Amino acid sequence: MNTASAFDKDTLIENVCERCPGTCWGDKSICRVHDLHIGSIKQCQEWDKYMIDKQGLRDHDGQLALTDLEPAMEWLQRTEEEIRDYAFTIREINRIKTYLEDAGEGTVAAYGIDASQPKGKGATGDKTHQEVVKRERYWKRLKSLEESVQRVERAMETIKHEKERAVLDCMIDGVRMNMIARHVGVSRSYLNDIKRDLIRKMAWAMYGEDQLKVG
């Protein structure tokens, strides 16, 4: 997400740039840090600090408004982690499914009549119980992992911009950010802008207004 679009740019210039020692304020209004005219700057760390201090974030089109920055950032971070863990999650789903298939139906019998039969202390009954508990834990984890994959895949379909799709695919494949910038043909700074917009859109598609409150 571009900082300029996430927060009124005039407010940022007035409250940050005019007070910044890196700004040659005057007729030219050139930022020595970015080597750009103030009006051409799209992203600045000092703007981010200002917004965090204010504990508020508003999107220019009203699609996403985060009135409490800290919990919103937690959901954005969770979204990014699910994207980066996507390939691992698929492998883990396959591993768990293979285990459950290999375990077969033998252990399932412990839920039926066999479960009510007396077992000798420290004998096979204990091992069977442990295996049942393990299988139950695996089933729950499998469900959670599959839900994560489905969330990511549904959200992926909402991303239409080609460069955002390319960045998303590279992130899923575990490509490093400097390599992604080179692949897409943009600077690392501009890639960060693309990534912020991408994560915001994915978070909205994955979790919606239940977690990302609309103001």
Side-chain angles (χ1 to χ4, degrees), residues 1-2 6 55 57-59 61-112 115 127-177 179-180 183-184 191-215:
M1 183 191 311
N2 292 342
Q55 291 293 297
L57 188 61
R58 290 290 188 276
D59 194 10
D61 59 7
Q63 181 186 20
L64 178 62
L66 309 180
T67 56
D68 187 352
L69 187 59
E70 185 174 350
M73 291 300 293
E74 290 179 2
W75 286 103
L76 293 173
Q77 182 178 0
R78 177 172 175 176
T79 297
E80 183 172 352
E81 289 174 353
E82 286 195 78
I83 292 171
R84 289 199 173 277
D85 288 346
Y86 177 86
F88 161 77
T89 304
I90 293 292
R91 293 195 301 271
E92 190 66 355
I93 286 173
N94 291 334
R95 184 189 71 84
I96 292 175
K97 284 184 174 180
T98 298
Y99 166 79
L100 292 172
E101 289 171 359
D102 289 346
E105 297 297 326
T107 310
V108 179
Y111 288 109
K127 294 181 180 180
T128 301
H129 174 72
Q130 291 172 4
E131 184 64 20
V132 169
V133 171
K134 182 178 180 180
R135 283 170 57 85
E136 185 68 19
R137 185 176 70 249
Y138 269 33
W139 275 113
K140 290 178 180 179
R141 185 154 180 262
L142 178 62
K143 180 181 178 181
S144 176
L145 293 172
E146 288 178 334
E147 288 174 351
S148 175
V149 167
Q150 291 166 5
R151 276 195 301 270
V152 173
E153 290 180 344
R154 284 195 301 266
M156 287 172 65
E157 296 303 315
T158 68
I159 305 301
K160 306 302 182 183
H161 192 280
E162 286 302 321
K163 285 188 176 179
E164 288 180 345
R165 286 299 300 261
V167 171
L168 178 57
D169 288 342
C170 288
M171 289 178 65
I172 284 176
D173 290 341
V175 181
R176 298 170 68 91
M177 293 304 292
M179 296 299 294
I180 297 177
H183 170 68
V184 178
L191 176 62
N192 288 336
D193 290 344
I194 296 175
K195 178 184 169 184
R196 269 187 292 271
D197 271 338
L198 171 63
I199 297 300
R200 174 185 68 95
K201 292 175 182 177
M202 289 289 289
W204 185 260
M206 289 167 67
Y207 295 106
E209 61 184 77
D210 289 340
Q211 305 302 337
L212 304 173
K213 304 299 182 182
V214 175

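Remember, it's a predicted structure, so these values are computed and weren't measured experimentally. In what follows, residues are counted from 1 in the order of the sequence shown.
Listed by chain and number, the residues in a salt bridge (charged side-chain N to carboxylate O under 4.0 Å, His left out) with Arg165 amount to none (sequence neighbours excluded). The side chain to side chain contact (heavy atoms under 4.5 Å, CB included) check on His161 picks up Lys163, Glu164, with sequence neighbours excluded. Under the salt bridge (charged side-chain N to carboxylate O under 4.0 Å, His left out) criterion, Arg154 pairs with no residue, sequence neighbours left out.
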Practice problem: Take Lys97 and Glu101 through the salt bridge (Lys or Arg N to Asp or Glu O under 4.0 Å) test and state the conclusion after the steps. | Solution: CA-CA 6 Å; Lys97 284 184 174 180; Glu101 289 171 359; over 6 Å; no
Practice problem: May I have the step-by-step check of side-chain contact (heavy atoms from CB on, under 4.5 Å) for Asp169 and His183, ending in yes or no? | Solution: CA-CA 12 Å; Asp169 288 342; His183 170 68; over 6 Å; no
Quiz prompt | salt bridge (Lys or Arg N to Asp or Glu O under 4.0 Å) between Glu92 and Arg95, intermediate numbers included | solution = CA-CA 5 Å; Glu92 190 66 355; Arg95 184 189 71 84; 2.8 Å; yes
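For the pair Met202 and Val152, the tightest heavy-atom approach, listed with the atom from each and the gap, is CE-O, 3.9 Å. Minimum heavy-atom separation, Ile180 to Val167: CG2-CG2, 4.0 Å. The nearest pair of heavy atoms linking Arg84 to Val175 is NH1-O, 4.2 Å. Across all their heavy atoms, Ala87 and Ile172 have their closest contact at CB-O, 3.7 Å.
Annotation: side chain of Lys201 is not in contact with side chain of Thr158 (no heavy-atom distance under 4.5 Å).
Partner of Tyr138 under the side chain to side chain contact (heavy atoms under 4.5 Å, CB included) criterion, out of Arg135, Lys134, Lys140, Arg141: Lys134 alone.
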